[in-house]
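Quick note: residue numbers are just sequence positions, from 1. The figures here come from the full heavy-atom set of this structure, side chains too, leaving out hydrogens, waters and symmetry mates.
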Amino acid sequence: MSDLAEAELIEEQPEYIISEKFLIFSILGKLYSFPSRIISEIALFDAVYPLPLMPSYVLGVINRYSVPYALFDLGILFNNAPSSCNKTLILKDQIDRIAFLIDDVTGIVDIMPENLFILERSSELNELTDAVSASFSWNGNDVFILDVNRILERVSEETA
């Protein structure tokens, strides 16, 4: 096959689907994840400054480099049980100034789109299913991909 014919063949093939990296973390023994592209850092914190009139799962504000971040305890949101750890997963400022209390980082994994199980929203929602957009299997466990926008919508609804 000539170089020209080979080049034409390559151009006709569809673009390759690229995997996406997910950061997997645990909260009260269950595995959750966010796309790694929206995560700024994992950090420890010393003090939480409470915010009035917020749902119980919004613990308050933490200070990161003189910037306030709202701290969410997903253990309270999903299981009505507070997480006792002081690790935070901090989202990039382009998303919002939000931090999530987590037990620990469990791993980082590349997932192909065909390996995601997209969850349809139904009328029978609970706190967890409302916040989960998809899931995937990793090391024999189900990992839930959280949707930040759905969590923020819930806070907006509860504080309105």
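You'll find the side chain of L74 stays beyond 4.5 Å of the side chain of S83, heavy atoms only. No side-chain heavy atom of E20 sits less than 4.5 Å from a side-chain heavy atom of I111. At least one side-chain heavy atom of D110 sits under 4.5 Å from a side-chain heavy atom of K21. Two residues are said to be in side-chain contact when any heavy atoms from C-beta on lie closer than 4.5 Å; E158 and M54 fail this criterion. When side chains are defined from C-beta on, I102 does not count as touching Y32, because their heavy atoms never get closer than 4.5 Å. At least one side-chain heavy atom of I42 sits under 4.5 Å from a side-chain heavy atom of L23. For the pair V148 and D96, the minimum side-chain heavy-atom distance is 4.5 Å or more.
One hydrophobic cluster, built from ILVMFWY side chains closer than 4.5 Å, holds both I27 and V105. F117 and V132 are members of different hydrophobic clusters when ILVMFWY side chains are connected at heavy-atom separations under 4.5 Å. In terms of hydrophobic clustering, with Ile, Leu, Val, Met, Phe, Trp and Tyr side chains grouped at heavy-atom distances under 4.5 Å, Y49 and I76 are assigned to different clusters.
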Side chain to side chain contact (heavy atoms under 4.5 Å, CB included) between V61 and V48, worked out = CA-CA 5 Å; V61 174; V48 178; over 6 Å; no
ask   = Where do E41 and I90 land on the side chain to side chain contact (heavy atoms under 4.5 Å, CB included) test, with the steps shown first?
value = CA-CA 5 Å; E41 66 179 309; I90 299 173; 3.9 Å; yes
task = For side chain to side chain contact (heavy atoms under 4.5 Å, CB included), just list the numbers for V143 and T106, CA-CA rounded to whole Å, side-chain angles, deciding distance to a tenth of an Å, and then say yes or no.
result = CA-CA 11 Å; V143 179; T106 311; over 6 Å; no
Test log, rule side chain to side chain contact (heavy atoms under 4.5 Å, CB included), inputs F45 and L71 = CA-CA 10 Å; F45 68 94; L71 180 62; 3.8 Å; yes
query = After noting the C-alpha distance and the side-chain angles of D104 and K87, does the key distance pass the salt bridge (charged side-chain N to carboxylate O under 4.0 Å, His left out) rule?
reply = CA-CA 7 Å; D104 208 355; K87 290 182 184 172; 2.7 Å; yes
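The two residues S135 and F144 have their closest heavy-atom pair at CB-CD2, 4.1 Å. Closest of all the heavy-atom pairs between G75 and L28 is CA-CD1, 3.6 Å. Of all non-hydrogen atoms in S19 and M112, the two that sit nearest each other are CB-SD, 3.4 Å.
Listed by first then second residue, pairs satisfying side-chain hydrogen bond (donor to acceptor under 3.5 Å, both in side chains) with a partner in residues 65-81 read Y69-D93, not counting sequence neighbours.
To the nearest 0.5 Å, atoms CZ (F100) and CG (L77) are separated by 9.0 Å. For the atom pair CG (L116) and OG (S133), the distance works out to 8.5 Å, reported to the nearest 0.5 Å. Atoms CD1 and CD1, from I98 and I62 in turn, are 11.5 Å apart once rounded to the nearest 0.5 Å. Rounding to the nearest 0.5 Å places OG of S33 at 11.5 Å from CD1 of I108. Here CG of N149 is found 10.5 Å from OG of S156. Values are rounded to the nearest 0.5 Å.
Side-chain atoms of T88 come within 3.5 Å of backbone N or O of A43 as a donor-acceptor pair. Although no hydrogens or angles enter the test, the distance criterion places no donor-acceptor pair under 3.5 Å between the side chain of R97 and the main chain of A70.
Within the 6.0 Å centre-distance limit, the rings of F25 and F34 are counted as a close aromatic pair. Annotation: F136 is in aromatic contact with F22 [ring centroid separation under 6.0 Å].
Other residues, nucleotides and ligands contribute more than 12 heavy atoms inside 6.0 Å of the CG atom of L44.
If you run side-chain contact (heavy atoms from CB on, under 4.5 Å) between L31 and each of D142, I24, N139, only I24 comes through.
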